[in-house]
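Letters go in sequence order (proteins before strands), and every chain restarts at 1. Predicted, not measured: the structure shown is a model, and the values here were computed from it.
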2 protein chains.
Amino acid sequence: MAKEITIYDIANQLQISPATVSRALNNHPAINEKTKVLVNTKADELGYRSNKFASNLRKQSTSTIGVIVPRLNSYIMSTVLAGMEKVANEEGFNLIISQSLESQKKEIANAQTMFNSRVDGLLVSVAFDTDSFEHFQPFLKKKIPLIFFDRILENNNCPSIVIDNTKAGYEATNHLIQQGRSNILHITGNLQRNVYADRLKGYQQALLENEIPFQKAFLWETALNLEAGKEVAQRIKAMPNRPDALFIASDLCAVACISALKEMGIDVPNDISVVGFNNDPVAQVIAPKLTTIHYPAKEMGEIAVKSMINHLKGTMNLDKTNAITLRSELIVRESSRIIEHSA
Amino acid sequence: MAKEITIYDIANQLQISPATVSRALNNHPAINEKTKVLVNTKADELGYRSNKFASNLRKQSTSTIGVIVPRLNSYIMSTVLAGMEKVANEEGFNLIISQSLESQKKEIANAQTMFNSRVDGLLVSVAFDTDSFEHFQPFLKKKIPLIFFDRILENNNCPSIVIDNTKAGYEATNHLIQQGRSNILHITGNLQRNVYADRLKGYQQALLENEIPFQKAFLWETALNLEAGKEVAQRIKAMPNRPDALFIASDLCAVACISALKEMGIDVPNDISVVGFNNDPVAQVIAPKLTTIHYPAKEMGEIAVKSMINHLKGTMNLDKTNAITLRSELIVRESSRIIEHSA
DNA sequence: CTGAAAGCGCTTACAG
DNA sequence: CTGAAAGCGCTTACAG
């Protein structure tokens, strides 16, 4: 078991050349079917496993796709990655995953590592504070395909895979207005990022259409995490004129906020209605259940990897593709359904 | 930019041999410091990047660690992976991650892929239904180190990284008993898995010490997910003699169960107290806040990779290590604090 | 401290 | 349909 079997061992035993063995193993069209069967049988018999390093070295490609995400341990990102892994695994590609921890500095280091690891392609969702495309230039120069997903960087000719955040933001806000709300506070993340900027656009558009003036004081930029949710509740409590609704761009933050509001004796949805974002499982297990936007995270991961592999294989050229937009959906639950008081 | 720089280019420009360049780049002790500086400066100047495939092919090692988890998108696993990625990244190792989706069959295929990718080491948390060690034998035969974490397979001489699940189960149950509970239902996962079997042991031990008889009817094996939590609530509602407490081996399941119980008009903690497991962020944002066991997921990931790398580098030999046990902790919150009714 | 040379295991242009 | 040969870019035992 100690010695590794190579194509030379197979060639020797079969009295054919290593070249033929290599071709047979790779299902080359010019090779006789009988030879292929012979070679594959012998390979199995000897316990042969292809040496990817020799093959990569020779072919100058790696069958590896790099992925950089802000963090691994968020509902959205771990679900996107689950989708990515599924497709990559099926297609015989490996994934190298790294996280920027929301810091451009670490993202730059990660991009560097991916470059040195010679990934065949790179999938990126950028950090909160990324404001430069510089660290991705080496990939373009080497014609290594680069696809952005979810949090994208614009104006760089790279395809992106996203949902229509503007539409989703519009639907969330419009829903609240339809429920009779007009003082709608919008809690969001770093507005440099498309996902948050676009949701804000949708929010503003819905206000405009309903002739509700947009107030800067009703737009709060936060870290959008659990702690931020609690702080938001504190700040709301201290307001002389409280909002009657919240549109929060992340479920976990929304849920933390609702929990804190309830502790303060503020009723959701009757005093304040809330709409979140993502359709995190947590949205279904709190009371009241959270109205939210369903985010197709798993599908996004699957499509990102599938597109990358098709592009690498030449099945589908991405050079002219600007964006692939997936469908999101408003899911109405109790947190925004105002109960009419009769009698 | 098209052509890749190699050590030969550096050697030519500096009029030294490629062997010296290679040694200088790898900081070989026998090389003159001045030469090292010269080589490194030139390498930077030319934009040299080492070719890992050539290097791996030659060295017969990969600086890659394989990870197989049941699923990527659970709080615990994505947090473990975040810890793993952090350390691997710092140490210059790559991670290849794949998920078994709780199926032994897929786990076998993944192990195969890892083997063919020639990972230097493998970290595994097994699927619900894994009942064989067969698919890991090839690694042992090739002396590729294998470490289990969280969900481990026993009796195979591989080191494991775990928490003391028995102790945690004991503490959770004992806490409920201290609160005056005695009809404690235990909701768990597949008992073939150490994590669930051990928590059950702890549960039984606490009952025994407090002279409460263990009843098989009070032990429910479920998928431990959100849906299972809802079903558990339904089943409890239908019971003629309801339990006065639940010890549920996963927070997400516990939270879904509490949510459903509340909808049925059953009060938590007064009618039924609940203790979960993991300290998922969701535990803090529901009402009542969930008492749970804090699981050191990030630390587990960090230690797993760190141990693997130290072993590979020869800094620390794992052959004699049986298990590394991390500290877990009971966190008491409202879901198990019974409010005394005065007057 | 440095160099010459072999070899890691594959793939593929060229030839037949 | 098959083979001989070169070469991908590195590392290291051996020699000096």
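When distances run from any side-chain atom of B:Ala30 to the nucleotides C:dT2, D:dG3, D:dT12, the shortest one goes to C:dT2. Comparing C:dC10, D:dT2, D:dA5 by their closest approach to the side chain of A:Asn32 singles out D:dT2. Proximity note for A:Ala54 (side chain, C-beta onward) versus D:dG9, D:dT12, C:dC10: the nearest is C:dC10. In the set D:dG9, D:dG3, C:dG9, the nucleotide with an atom closest to the side chain of A:Thr6 is C:dG9. With D:dA13, C:dC10, D:dA4 as the choices, the nucleotide that has an atom nearest any side-chain atom of B:Arg23 turns out to be D:dA13.
Nearest-nucleotide positions on DNA chain D place A:Pro29 closer to the 5' end than the other of A:Pro29 and A:Ala19. Residues B:Val21 and B:Arg118 each lie close to DNA chain C; by heavy-atom proximity, the contact nearer the 5' end of the strand is made by B:Val21. Checking B:Leu25 against A:Ile16, the closest nucleotide of DNA chain D that is more toward the 5' end is the one next to A:Ile16.
Nucleotides D:dC10 and D:dC14 place their P atoms 24 Å apart, quoted to the nearest Å. Straight-line distance between the C1' atoms of D:dG16 and D:dT12: roughly 16 Å, to the nearest whole Å.
Pair assignment for C:dA13 gives none, since no Watson-Crick or G-U wobble pairing has each distance under 3.5 Å. Pairing partner, C:dA4: none, since no Watson-Crick or wobble contact has both distances short of 3.5 Å.
Atom CG in A:Asn27 sits roughly 13 Å away from atom P in D:dT2 (whole-Å rounding). Following rounding to the nearest Å, A:Leu57 (CG) and C:dC10 (C1') show an atom-to-atom distance of 8 Å. If you take CG of B:Asn12 and C1' of C:dG3, they are 14 Å apart, rounded to a whole angstrom. Atom-to-atom, NZ of B:Lys36 to P of C:dC1 comes out at 8 Å; the value is rounded to the nearest Å. The separation between B:His28 atom NE2 and C:dG3 atom P is 13 Å, rounded to whole Å. In this structure, B:Lys59 places its NZ atom 12 Å from C1' of D:dT12, rounding to the nearest Å. Rounding to whole angstrom units, CD1 of residue B:Ile7 and P of D:dC10 are separated by 5 Å. To the nearest angstrom, C1' of C:dC8 lies 11 Å from CG of B:Asn56.
Side-chain atoms of B:Ile163 and B:Glu299, non-hydrogen and from C-beta on, never get closer than 4.5 Å to each other.
At a cut-off of 3.5 angstrom, the base of D:dG9 holds no donor-acceptor pair with the side chain of B:Arg49.
If you check every strand for non-hydrogen atoms under 4.0 Å, A:Asn26 touches sugar and phosphate atoms only. Using a 4.0 Å heavy-atom criterion, one finds that A:Ser22 contacts the bases of the nucleic acid, with or without backbone contacts as well. Contacts of B:Tyr8 with the nucleic acid, taken as non-hydrogen atoms under 4.0 Å apart, include base atoms.
The phosphate of C:dC10 (OP1 or OP2) has no side-chain N or O of A:Ser55 nearer than 4.0 angstrom. For C:dG9, the OP1/OP2 oxygens have a side-chain nitrogen or oxygen of B:Gln60 closer than 4.0 Å. Residue A:Thr20 has a polar side-chain atom (N or O) positioned under 4.0 Å from OP1 or OP2 of D:dG3. Contact between the side-chain N/O atoms of A:Thr35 and the OP1/OP2 oxygens of D:dT2 is found at a separation under 4.0 Å.
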Discussion item. Evaluate A:Gln192 against A:Phe128 for side chain to side chain contact (heavy atoms under 4.5 Å, CB included), listing each step before the verdict.
Written reply: CA-CA 8 Å; A:Gln192 220 173 289; A:Phe128 256 166; over 6 Å; no
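Judged by distance alone, the side chains of B:Ser98 and B:Asn110 do bring a donor and an acceptor atom under 3.5 Å apart. Side-chain N/O atoms of A:Gln112 and A:His135 include no donor and acceptor closer than 3.5 Å.
The main-chain N or O of B:Lys52 is found under 3.5 Å from a side-chain atom of B:Asn56 such that the two form a donor-acceptor pair.
Within 6.0 Å of CG on A:Asn157 lie no more than 12 heavy atoms contributed by other residues, nucleotides or ligands.
Between B:Phe136 and B:Phe148, the distance separating the two ring centers is shorter than 6.0 angstrom.
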